[in-house]
Amino acid sequence: MTIPVPFRALLVFAVCLGGVSAHDGGFGHSRRTIFADAAADGFILEYRIIQNRDEALTELTIMDTDRDGKISAEEKENYFSTRGRQIAKLLDVRTMKGQPVALKFVDHELHQALVQSYRFKIESSANEILLDDRVFPHKPGLVQVRHGSGVKLEQARPTNLAHAERVSLRITRVTP
Amino acid sequence: MRAVILFLLLITATARADSLDEVERKELRAYLVDLKAGRPGSAAQVERFAAMPFEGLLETIRAYTQLDGAIEPPTHRAFQTLLERASREALSPWPLLTLYSPDFARFLTTADNPLPRELLRRLLDSGNGRLAFDLCIRLAPVASLEHLAAGKKDRRTELFDAWNRRLALAREARPLPGLDGQLRKIASAFSLDLPDEELEAHLRFLASWPLLRETYLRELGRCLEQERESVVLAGLKVQQRAPALVERNEALIVRWMKAPAVVEAAVRNFAFDEATDRSATLHKLWAKLPVDQVRMRYQALFAMSVHPKGNDDFALSVIRDQAFDLFDPALAVLKRGEPGKAKEAVKLILTKSERGREEALRLARDLKLAGFEEDALAIALEEKNDLILRQTAMLYLEHADGKVRRKLLPCLATPKPDLRLTAIRAFKDKTGLSVDDQREIGPTLIRVAQADPSMGHRQEVMYVLGCWKSPQTMEFFRKLASDNPAVVLSDGYYSDARYWQYRFRLMALLGLARLGDSAAKKELLSLHAKGSPAEKMDVLLAFLDLGEVPEAAFADLDSIEPRLVATAAHLISSHGDKRIKELMKKLFASKPLWQEYRGSGIDDYNILRIVEGK
């Protein structure tokens, strides 16, 4: 068991980590998967977050807006839709010329492994777009990058995906 | 390892797919086909399937239970490893499970579902050891209780052990149908005639359920009264895990004095009963323990460290006799006894013993015992000494006066980074440093802050200088701030340069805020307002050092990051006024789901304890 460390102890922590990963913020690691595929009028994007139990439970206390100890369907929908829209704002999509492209939150799904999966639609006729993931600046972690057969996905900026904060990806439409 | 990570990360799906789930489902099916064909499992694949939806888990369970013919051990292992990795959330707090996967929740708690029974059978027959039994409890809890309640002999001890492991981590929160009835049936089957291993596992199972408390007390009492040593020992082992009837141990020890294992366990268990002061009992018992029974005396001292009243003389006599094997618990007793006796013990060890010096210095530091500065200094400066011993000596010296500490200055240049770091910390406390001392030490520390090869060490020195709250450091911190302009880490890509710029500015702001610079404090609050949870937490930690609670801290109690919530609660609890502490308690009381943390085994940050002021 741990208790919140005093400032001094955090420094010690930072010093101990010195050469390994100085940018750990003390929040543990994030785990996410970014998946993209082509759609007729643009691209689809799935952003999957795997929560830890304590994170998920803390989130539950916020979700329970009427504070009755239960999560109603409405509370669930409200929370995850809001979260999906928040994430949409933190996923920056641009054309190769740097023009912003709209990313629209579509829906979400939850899975047993404390998985939150958010789906987005990117409406763009461009063949190639850039995605900049800024959802976890404070919590680097393991990022899996997957794609369907309609696109090619590669890192636009080299990042260690085993311990990444921001991830920048180039999504290119391909002919299956 | 690197290859595995790369493989994990750079997977590319080739088939056109509507969704990530579908892509992964196809891959899972292909993997299951491989396993069914007897091909070996793959750790990398298992990790990829860790987040599979319930449907995938169900498909895996079906594939495993439907295997025909003789199954080779590697196949069992491969299936069970996959199931283990993908089903960890079966033991999550119940509201989480029902929210994230109502189907999975139903699967775990439905009584008349044949699949969990088939899975239980397959797991019990697999011969795959602990993993198999843990999966029985995790994925087939109802069936496993049915198995035990029906009195089936097959793998009974292992199932009890698996339940006990599970209940040691967290209470059972899943609403298992017919649970009370099953538990009562299982309890009624307890007998002192059971094989030794099963008896202990069964008794511990009784101890693990609040519903069976009365039965546990009754059966524990019977065990302790038994004539068979193995039964008494089983009772004592469980008593250590679930302390009860400890008041009977004194008589038991006298009765079993010729059986060292029983005496050792019975004496030791006093340490686990903190509800009642057992100091007097241990005092009486000490005289009865034979001098040559070192292990008995070790356990007695161990228990006395929890119940120390009036027992420090025994601990001191152990030190005087140089009974090295007993030094550790003896010093723990002395730590809670009269400081004069602790001081005598430390003196004895530092002057007459080559062993126990590290522990003695730690005790002296913990109790702030003065008078050992010269010894500590000699130890700290002796190159041949063990590194940790030298560090312990330096830390003891952190409250020594300046004349002594100045002699540590050369250590700030040692190439050994751990030792250098400890030397830096030895200068944190300004008390005892005269003006002359500060004039010599201060500039040396500033030079280290500017030129140490390690950025982490530089940061530590900045922190130490800040702790001095010395007006002479104002200029240093202003320059530090000017050399490191404000940067919000979350605004850009990570780089070491940006990170240290951020950290050094934070140190500058903290140092200036300690000196009463209101602009620095304002900038800290601004960083809190616009930063990510990481920056918010850094600011809260800075305010923890400043001993103040900014209004903004309260909002962090509603963060989705538990660590930030815990830090805010800790700050409020440590430095908040009565009003804000009450508001915090009310806030948590108004959100019933916080109570799910209780007994869940996942409150790593002790949020509830902090809020309750414990």
Side-chain angles (χ1 to χ4, degrees), chain A residues 1-4 6-8 10-11 14-15 18 22-23 25-28 33 35 37 46 48 50 53-62 64 67-71 76 110-115 117 119 134 137-140 142-150 153 157 161-162 165-166 176, chain B residues 5 8-9 11-17 19-20 23 50-54 57 86 89 92-93 95-96 99-101 104 421 454 456-457 459-460 463 489-490 493-494 496 499 532-534 537 541-542 544-545 558 560-563 565-567 570 590-594 596-597 602 604-606:
Chain A
M1 302 286 269
T2 55
I3 56 168
F7 195 65
R8 180 181 161 78
L10 191 79
L11 299 182
V15 169
H23 58 310
F27 286 97
T33 304
F35 172 87
D37 202 356
E46 280 188 53
R48 178 197 275 176
I50 307 174
R53 285 180 203 175
D54 58 344
E55 294 165 347
L57 188 51
T58 300
E59 219 175 12
L60 224 58
T61 66
I62 296 163
D64 181 22
R67 301 182 179 186
D68 67 347
K70 291 172 192 150
I71 306 299
K76 180 181 169 185
L110 302 180
H111 292 161
Q112 60 88 16
L114 306 185
V115 166
S117 201
R119 285 160 64 91
R134 301 173 180 179
H138 63 295
K139 198 154 60 172
L142 182 73
V143 183
Q144 293 195 50
V145 177
R146 315 288 309 266
H147 61 83
S149 60
L153 225 110
R157 186 189 169 98
L161 291 180
E165 292 157 325
R166 286 175 71 159
Chain B
I5 291 171
L8 264 174
L9 300 176
I11 315 148
T12 53
T14 49
R16 170 169 278 282
S19 71
L20 179 54
V23 170
M52 69 168 78
F54 173 64
L57 193 60
E89 302 317 327
S92 288
L96 278 184
L99 177 77
Y100 277 81
S101 180
F104 191 23
L421 189 64
S454 146
H457 286 65
Q459 177 183 246
E460 185 72 6
Y463 177 72
L489 274 184
S490 46
Y493 285 92
Y494 173 81
D496 280 353
Y499 175 78
S532 74
M537 192 167 80
L541 291 167
L544 203 55
D545 261 51
D558 281 326
I560 60 172
E561 288 293 348
R563 181 138 206 179
V565 176
T567 308
H570 185 45
S590 73
K591 296 179 168 189
L593 282 167
W594 276 111
E596 290 297 325
Y597 264 111
I602 61 169
D604 285 352
Y605 305 120
N606 290 317

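Convention: sequence-line order gives letters A, B, ...; per-chain numbering from 1.
- Annotation: the span from B/Leu99 atom CG to A/Leu60 atom CG amounts to 6.0 Å, rounded to 0.5 Å.
- With hydrogens and angles ignored, the 3.5 Å screen pairs a side-chain donor or acceptor of B/Tyr597 with a backbone N or O of A/Asp54.
- Looking at B/Pro93, the atoms closer than 4.5 Å to chain A (heavy atoms on both sides) all sit in the side chain, from C-beta outward.
- Neither the backbone nor the side chain of A/Arg134 comes within contact range of chain B; no heavy atoms are under 4.5 Å apart.
- Heavy-atom pairs under 4.5 Å with chain A peak, among B/Pro95, B/Ala86, B/Pro533, B/Ala50, at B/Pro533.
- Between A/Leu114 and B/Glu89, the shortest heavy-atom distance links the atoms CD1-OE1, 3.5 Å.
- With a 4.5 angstrom heavy-atom cutoff, A/Leu57 touches chain B via backbone and side-chain atoms both.
- For the atom pair CD (A/Glu59) and CG (B/Leu593), the distance works out to 12.5 Å, reported to the nearest 0.5 Å.
- Atom-to-atom distance recorded for A/Arg53:CZ and B/Leu96:CG is 9.0 Å, nearest 0.5 angstrom.
- Rounding to the nearest 0.5 Å places OG1 of A/Thr58 at 13.0 Å from CZ of B/Arg563.
- Residue B/Phe54 touches chain A through both its backbone and its side chain, counting heavy-atom pairs closer than 4.5 Å.
- For the pair B/Pro562/A/Glu55, a side-chain contact is recorded, criterion being any heavy-atom separation below 4.5 Å from C-beta on.
- Taken from OG in B/Ser19 to CZ in A/Arg119, the straight-line distance is 6.0 Å, to the nearest 0.5 Å.
- In this structure the side chain of A/His138 reaches within 4.5 angstrom of the side chain of B/Glu561, judged on heavy atoms.
- Closest non-hydrogen pair, A/Ile62 versus B/Asp558, comes out as CD1-O, 3.1 Å.
- A/Gln112 has its side chain within reach of B/Leu57: a pair of non-hydrogen atoms, C-beta onward, lies under 4.5 Å apart.
- Counting only heavy atoms from C-beta outward, the side chains of B/Lys591 and A/Asp64 never approach each other to under 4.5 Å.
- Between A/Ala113 and B/Ala51, the closest heavy-atom pair is CB-CA, 3.8 Å.
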